[in-house]
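Remarks on the structure that follows.
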Amino acid sequence: MRHDLSSIFDRLVPENAPYYLHTEEGLDDMPAHAKSVIVGSSLTIPITNGSLNLGTWQGVYLCEFRNYGGSRKIIATIIGE
C-alpha cells in the first residue's frame, strides 16, 4: 500500500515541475508542501473501550514527503470522560 500511495502522490504532485517558484530549499520542498496540504496535519480518531475505533482496513500513517526529512514528533491529545 505504501508504494501505491507514493505513486499516487508523485503523479498528483511531481518533483521538478517547471511551474514551482519555491525551490530554494530543494527540489522536493514545494512538492512536500503540496502533498502535506492534501494529506493534512491532524487527525481525529474516536476511542471506544480504550482502543482506536478504526475500520477493518483503516490505519494511521505518518507521511514524510521530503527525500531527507528531519525528525518528527507525534503528539496525541485525548479528550474524553
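Side-chain atoms are counted along with the backbone in the values below, which use heavy atoms only and exclude waters and symmetry mates. All figures in this text were calculated on a predicted structure; none of them were measured in a lab.
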Open item on the list: Taking ring-ring contact (aromatic ring centres under 6.0 Å, His included) as the definition, give me every residue that meets it alongside His22, ordered by chain and number, with sequence neighbours left out.
Closed with: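 With sequence neighbours excluded, His22 shows a ring-ring contact (aromatic ring centres under 6.0 Å, His included) to His33, given in chain and number order.
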Task: Of all pairs that satisfy salt bridge (Lys or Arg N to Asp or Glu O under 4.0 Å), the ones with a partner from residues 42-52, not counting sequence neighbours - done: none
Distance-only criterion, 3.5 Å: show the donor-acceptor pairs between side-chain atoms of residues 34-50 and protein atoms not counting sequence neighbours.
unit_1: Lys35; atom_1: NZ; unit_2: Asp10; atom_2: OD1; d: 2.7
unit_1: Ser36; atom_1: OG; unit_2: Ala32; atom_2: O; d: 3.0
unit_1: Thr48; atom_1: OG1; unit_2: Asn53; atom_2: ND2; d: 2.8

Task: Atom pair CD/CZ of Glu25 and Arg66 - distance to nearest 0.5 Å - done: 6.5 Å
Open item on the list: Nearest 0.5 Å, please: how far is CG in Asn67 from CD in Glu15?
Closed with: 4.5 Å
- [ ] Begin with the C-alpha distance, continue with both residues' side-chain angles, and end with the deciding distance and a verdict on side-chain contact (heavy atoms from CB on, under 4.5 Å) for Val60 and Leu54.
- [x] CA-CA 9 Å; Val60 178; Leu54 296 172; 4.2 Å; yes
- [ ] Taking side chain to side chain contact (heavy atoms under 4.5 Å, CB included) as the test, write out the residues that go with Tyr19, two or more places apart.
- [x]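 Tyr19 satisfies side chain to side chain contact (heavy atoms under 4.5 Å, CB included) with Pro14, Ala17 once adjacent residues are dropped.
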TODO: Begin from the C-alpha positions of Met30 and Val13 and carry the test side-chain contact (heavy atoms from CB on, under 4.5 Å) through to its verdict.
DONE: CA-CA 9 Å; Met30 189 59 227; Val13 187; over 6 Å; no
Task: Sequence neighbours excluded - ring pair (Phe, Tyr, Trp, His ring centres under 6.0 Å) pairs with any residue from residues 40-81 - done: Phe9-Phe65
Task: Arg72: partners by salt bridge (charged side-chain N to carboxylate O under 4.0 Å, His left out), with sequence neighbours left out - done: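 Arg72: salt bridge (charged side-chain N to carboxylate O under 4.0 Å, His left out) contacts with Glu64.
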